[in-house]
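Okay, structure first, notes after.
Start at 1 and go down the list; that is how both ligands and their atoms are numbered.
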Amino acid sequence: MTSGEPSAGLAAHVLDSAVTALAAAGVPSPRSDAEQLAAYVTGEPRWRLRRTTAITLADQDRFQDLVARRAARVPLQHLVGSVGFRYLTLAVGPGVFIPRPETEVVVGWALDVVRAAGWARPICVDLCTGSGAIALALAEELPGACVHAVEVDPEALVWADRNITDHGFVGTDSRVTLHRADVGIDPAGHGRNDGREPATAAVQRLADLVGRVDLVVSNPPYLRDDERDTVDPEVGMHDPPAALWAGPDGLAGVRAVARVASDLLRDGGKLVIEHSDRHGSAAPALLRDSGCWEDVQDHLDLAGRDRFVSASRRSREH
Ligand SMILES: C[S@@+](CC[C@H](N)C(=O)[O-])C[C@H]1O[C@@H](n2cnc3c(N)ncnc32)[C@H](O)[C@@H]1O
């Protein structure tokens, strides 16, 4: 039999031995991952896999290879090259943070705010955009929005640019603009927090937007340095370090984003920042203490964990 010919039955035994291998490697959802890899290789939807009685030897080899890499804790999304995020399918791989379901909830809350306020043509900014997930979801679900995506990491910028193009936001009149700029995260955790910091590189780069933005949404790095030994291998070995680590208290990203947002937002503009589930008190306190924000509230994710903070830009005349 050649590698192009079918062999009998992908079904039960091939899938079951993949599940066993993934479970032994500590993969948290072995059956789901095995089925997703099989669906990726065969092009069959997951629900039809058990009825699939033929798979080429080449596909079987490919499947075994992917299962072995998943057992070595390469993220599933890197193996299949994409991740679903709200209504989008985003390209991801080495060099960019994989968007998480928690962030879909953050975006959903921001969308509700814009719709409830009746802002027909909001100017939105996604600070620390990574793959472009938040920016693209805002553009996709708010047809009148003009969205600016900000990222500093050159590798992440390549993925964001690809996703923006793949979703049709191209050309000079595109509603999504990608900016290479540094929001000024200080991993040492230093820096004043009184809203009077010198303009960061991001603010200088976005000078045209200062005081004009309606909505800033961000999922910045937010892990504490001492969490390095506790993260899953998929995270520690495959998410870019710049996407994860935020100093000894894990708040360097939140601090920097709040500072940039306080310059960009118009009075009454909305800020939404995702944070660690350990920061349900610290992140709101940081915003309240700065004096730039009012209506500061913290919010839960779908698992009931503290997950994001929202606030309105206080009037500058205050
Ligand atoms: C947790 S990831 C989030 C990515 C994306 N927003 C998402 O939710 O999938 C944080 C992102 O912040 C970027 N980042 C880190 N430091 C930055 C800085 N100083 N300026 C701009 N972006 C930064 C990282 O490169 C990474 O892409």
Heavy-atom pairs closer than 4.0 Å: do any link ligand 1 to the side chain of [X], the backbone, both, or neither?
X: Ile185; answer: both
X: Thr129; answer: backbone
X: Ala256; answer: neither

Specify the protein heavy atom at minimum distance from [atom]: its residue, its atom name, and the distance to 0.1 Å.
atom: atom 3 (C) of ligand 1; value: Asn219 O, 3.1 Å
atom: atom 1 (C) of ligand 1; value: Ala243 O, 3.1 Å
atom: atom 14 (N) of ligand 1; value: Glu151 OE2, 3.9 Å
atom: atom 20 (N) of ligand 1; value: Val183 N, 3.0 Å
atom: atom 15 (C) of ligand 1; value: Ala242 O, 3.1 Å
atom: atom 12 (O) of ligand 1; value: Cys128 CB, 3.0 Å
atom: atom 17 (C) of ligand 1; value: Val152 CG1, 3.5 Å

Would Pro240 count as a contact residue for ligand 1, given that I'm defining contact as a non-hydrogen atom of the residue lying under 4.0 Å from a ligand atom?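 No, Pro240 has no heavy atoms under 4.0 Å from ligand 1.
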Please confirm whether Ala181 comes under 4.0 Å of ligand 1, counting heavy atoms of the residue only.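 Yes, Ala181 has a heavy atom closer than 4.0 Å to ligand 1.
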I'd like to know if the side chain of [X] and the backbone of [Y] have a donor-acceptor N/O pair within less than 3.5 Å.
X: Glu274; Y: Phe308; value: no
X: Arg307; Y: His275; value: yes
X: Arg314; Y: Cys292; value: no

Please say whether Phe97 places an N or O atom under 3.5 Å from an N or O atom belonging to ligand 1.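 No, no N or O pair falls under 3.5 Å.
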Presence of salt bridge, [Y] and [X], under 4.0 angstrom:
X: Arg31; Y: Asp16; value: yes
X: Asp214; Y: Arg266; value: yes
X: Arg100; Y: Asp301; value: no

Is there a donor in the side chain of Tyr87 and an acceptor in the side chain of Glu141, or the other way round, less than 3.5 Å apart?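 Note: Tyr87 and Glu141 side chains miss the donor-acceptor criterion.
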Pairing residues for Ser17 by the side-chain contact (heavy atoms from CB on, under 4.5 Å) criterion, not counting sequence neighbours: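 In terms of side-chain contact (heavy atoms from CB on, under 4.5 Å), with neighbours along the sequence ignored, Ser17 is linked to no residue.
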Of all the atoms in ligand 1, which lie at a distance below 4.0 Å from a heavy atom belonging to Asp182?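 Ligand 1 atoms under the 4.0 Å threshold to Asp182: 18 (C), 19 (N), 20 (N).
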Proximal atoms of ligand 1 relative to Asp153 (non-hydrogen, under 4.0 Å):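 Per the distance check, 25 (O).
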Hey, is CZ on Arg121 packed in by over 12 heavy atoms from elsewhere, all under 6.0 Å?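 Count not over threshold, so no.
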pair Pro154-Arg180: side-chain heavy atoms closer than 4.5 Å: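 Sidechains of Arg180 and Pro154: in contact.
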